[in-house]
Amino acid sequence: MNIQFECIINNTPVAASVNPGTVVLDFLRKHEHLTGTKEGCREGDCGACTILVGALQENHVVYKSVNSCLMPLGDAQGKHIVTIEGVNLPAGELNPIQRAFVDEGGTQCGFCTPGFILSLTGYCLNAPQITMRDAVTAVDGNICRCTGHPPIKKAIHQIIAQLEKRPPQNGMSIKHLIEQKLLPEYFLTIASRLKEIEIRRVPDIAVKGTPASFVSGGTDLYVQKAFSMHVEETQRISAWQHQANIAEDEHAIYIPGTTTVEIFRLSPIIEKYFPQLKTQLELFGSTPIRNRATIAGNLVNASPIGDMTCLLIALDATLTLRDATAARTLPLRKFYTGYKQLDKKKSELVETISFPRPHPSMKWSYEKISRRQYLDIASVNSTMVFDLNHDVMSNVAISAGGVGPIAMFLSKSSALLNGKSPTPELIEELFEVAQIEIQPISDARGTADYKRLLLRQLLAVHILKFFPDVVRKEMLV
């Protein structure tokens, strides 16, 4: 089923009848002939297809870098799509970012270069303060296979130095970046033009019955079903589900299912209770992936090593599931019934995730081990949450991923620590009980014995953070 589609691609208004499941990458290259956006892995790993997507928020446009190979075209409705061609200056002049890559030898074959330039441009559009560390982090979804990253870092440093010499009066703005020639002048017209599209917009028609696939962020679904999504009958959740904000009351914190991982990571509410998560979740995929991947999608994917799943199980999260006729609630700890099996009807969506608001006495620790530090899924991950009063642990909750067919709540291990003060002997007993609870298998992420060792080490690290005198050196194998 095609939809009437309207957006702005670079400086050009585009209207067409399209299949909403087609990925933006294919539309750009085959329909618009914008071949600066490259087709690489089609899995969101290499960053060669990176684009900027601008969405109207009140009276201004907010831009995010995304992988066009994983973004359904329907989600570009009413957006500003920016490719490498869209940041070129008039008369063929290189903008400062492009010039820096040339000056520092940051490009060789050039295949990956458009993605790097757009990711860095997106950072400049969003950063309240410019720093070298954050700029490098912004290109974490881009990989260069021939030039090597040191020259690229030098190019980034050149841009940071230029912006630091000419800081804006009131934070970064499109106007300031145009003055610095990092953007062409047409960017100033985009907000008003997107408003006109919004006025003309015809609401999507819901698919009758249950579609073959619901699409949220698409960052996993389009990898699993890369060659069928463009012909399947799909329903895009973003087309009709309201994008509410993370909220809290005196009892709980509430997260809409459509919340992206990046919104979660940067949320002031989440940072208030979990300040280290902002940095730790930089290990969740890359910036373009986090800009699209949703919390509900990560849970429904049902990976035994899902990062958000591991954290939310320990926090005793509750899901609100809704279909066209009714809603129900379900503890996340009971959501997984087997490997990739859920207590969820095909017609149901995860509307909200909530968990009890942390007490001031709550302590938490999240750890993840993977073969690569960045851009990799975990071999084993684990979270420990507990309240601490006078060295006595209560409300202990330990979760572990990668050690069984589902992300696990280690109920016996948690009960063992509850109401006790940690001692070396208790921690040794914890190691033994945890080994009985888990069921790891050997796979590409490591042998079963290796995963058992990893969980033992992660449990030791959890305890070490809060009780450094309890963990003996010999425990850290």
Side-chain angles (χ1 to χ4, degrees), residues 248 251-255 264 269-270 272-277 280-281 295 298-299 302-319 329-337 343 352-369 378 380-423 426-427 429-439 454-467 470-471:
E248 67 173 321
H251 303 294
I253 293 175
Y254 305 90
I255 307 167
F264 178 89
I269 292 175
I270 299 302
K272 177 171 63 174
Y273 297 107
F274 309 97
Q276 293 83 19
L277 262 185
Q280 288 177 311
L281 285 179
I295 304 297
N298 195 239
L299 299 180
S303 169
I305 46 179
D307 292 329
M308 298 306 305
T309 308
C310 178
L311 176 67
L312 291 168
I313 282 178
L315 292 173
D316 197 17
T318 297
L319 306 182
T329 59
L330 178 71
L332 180 59
R333 295 173 186 175
K334 295 183 178 181
F335 190 47
Y336 304 104
T337 59
D343 181 1
T352 309
I353 305 102
S354 62
F355 58 86
R357 193 173 76 166
H359 300 293
S361 61
M362 192 197 83
K363 307 296 181 183
W364 68 279
S365 172
Y366 168 78
E367 293 291 337
K368 166 183 176 178
I369 296 179
V380 174
N381 54 17
S382 177
T383 304
M384 179 182 287
V385 175
F386 59 92
D387 290 330
L388 183 64
N389 292 286
H390 304 293
D391 285 338
V392 176
M393 305 173 71
S394 61
N395 299 316
V396 181
I398 304 172
S399 64
V403 291
I406 62 174
M408 303 179 71
F409 172 58
L410 303 184
S411 58
K412 295 179 181 178
S413 300
S414 302
L416 175 68
L417 300 182
N418 216 31
K420 299 175 183 176
S421 297
T423 64
L426 181 63
I427 302 310
E429 187 177 357
L430 171 66
F431 294 157
E432 294 175 4
V433 172
Q435 294 298 316
I436 295 171
E437 285 199 87
I438 62 177
Q439 309 156 28
L454 290 183
L455 180 61
R456 173 193 167 96
Q457 298 299 88
L458 293 185
L459 293 175
V461 170
H462 291 324
I463 298 297
L464 185 64
K465 289 180 181 179
F466 306 105
F467 308 98
V470 171
V471 179

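Note: hydrogens, waters and symmetry copies are ignored here, and every other heavy atom, side chains too, is used.
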request  = Run the numbers on L330 and T318 for side-chain contact (heavy atoms from CB on, under 4.5 Å), then give the verdict.
outcome  = CA-CA 6 Å; L330 178 71; T318 297; over 6 Å; no
ask   = Is any side-chain N of the basic residue among E437 and K412 closer than 4.0 Å to the acidic one's carboxylate O?
value =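 Answer for the salt bridge query: no.
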request  = Evaluate the salt bridge (Lys or Arg N to Asp or Glu O under 4.0 Å) criterion for residues E367 and K465: first the C-alpha distance (whole Å), next the side-chain angles of each, then the deciding distance (0.1 Å), finally the verdict.
outcome  = CA-CA 11 Å; E367 293 291 337; K465 289 180 181 179; 2.7 Å; yes
Nearest 0.5 angstrom please: [X] [atom1] to [Y] [atom2], how far?
{"X": "I353", "Y": "F264", "atom1": "CD1", "atom2": "CZ", "value": "9.0 Å"}
{"X": "I369", "Y": "Q457", "atom1": "CD1", "atom2": "CD", "value": "7.5 Å"}
{"X": "S394", "Y": "F386", "atom1": "OG", "atom2": "CZ", "value": "9.5 Å"}
{"X": "L459", "Y": "L464", "atom1": "CG", "atom2": "CG", "value": "12.5 Å"}
{"X": "S365", "Y": "I463", "atom1": "OG", "atom2": "CD1", "value": "9.0 Å"}
{"X": "L430", "Y": "S414", "atom1": "CG", "atom2": "OG", "value": "8.5 Å"}

query = Can K334 and D343 be said to form a salt bridge (Lys or Arg N to Asp or Glu O under 4.0 Å), step by step?
reply = CA-CA 8 Å; K334 295 183 178 181; D343 181 1; over 6 Å; no
Side-chain contact, heavy-atom cut-off 4.5 Å: [X] with [Y]?
{"X": "I253", "Y": "F355", "value": "yes"}
{"X": "F274", "Y": "L315", "value": "yes"}
{"X": "P405", "Y": "Q439", "value": "yes"}
{"X": "E248", "Y": "Y273", "value": "yes"}
{"X": "E429", "Y": "L416", "value": "yes"}
{"X": "S361", "Y": "N389", "value": "yes"}
{"X": "F466", "Y": "M384", "value": "no"}
{"X": "N298", "Y": "T309", "value": "yes"}

task = Evaluate side-chain contact (heavy atoms from CB on, under 4.5 Å) for T352 paired with I255, printing each intermediate quantity in order.
result = CA-CA 6 Å; T352 309; I255 307 167; 5.7 Å; no
key: Pair Q276, Y366: side-chain N/O donor-acceptor within cut-off below 3.5 Å   =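 Checked: Q276/Y366 side chains show no N/O donor-acceptor pair below 3.5 Å.
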Check for a donor-acceptor pair, side chain of [X] on one end and backbone N or O of [Y] on the other, with a separation under 3.5 Å.
{"X": "N418", "Y": "V396", "value": "yes"}
{"X": "R333", "Y": "I313", "value": "yes"}
{"X": "S382", "Y": "S399", "value": "yes"}

query = Please walk me through it: do R357 and H251 pass side-chain contact (heavy atoms from CB on, under 4.5 Å)?
reply = CA-CA 6 Å; R357 193 173 76 166; H251 303 294; over 6 Å; no
Looking at every heavy atom in both [X] and [Y], which two are closest together, and how far apart are they?
{"X": "I305", "Y": "A378", "value": "CD1-O, 2.9 Å"}
{"X": "F335", "Y": "L299", "value": "CE2-O, 4.2 Å"}
{"X": "M408", "Y": "V403", "value": "SD-O, 3.8 Å"}
{"X": "P422", "Y": "I427", "value": "CB-CD1, 4.2 Å"}

ask   = Passes salt bridge (Lys or Arg N to Asp or Glu O under 4.0 Å), K363 versus D387? Steps please.
value = CA-CA 6 Å; K363 307 296 181 183; D387 290 330; over 6 Å; no
request  = List the steps and the verdict of side-chain contact (heavy atoms from CB on, under 4.5 Å) for V471 and F467.
outcome  = CA-CA 7 Å; V471 179; F467 308 98; over 6 Å; no
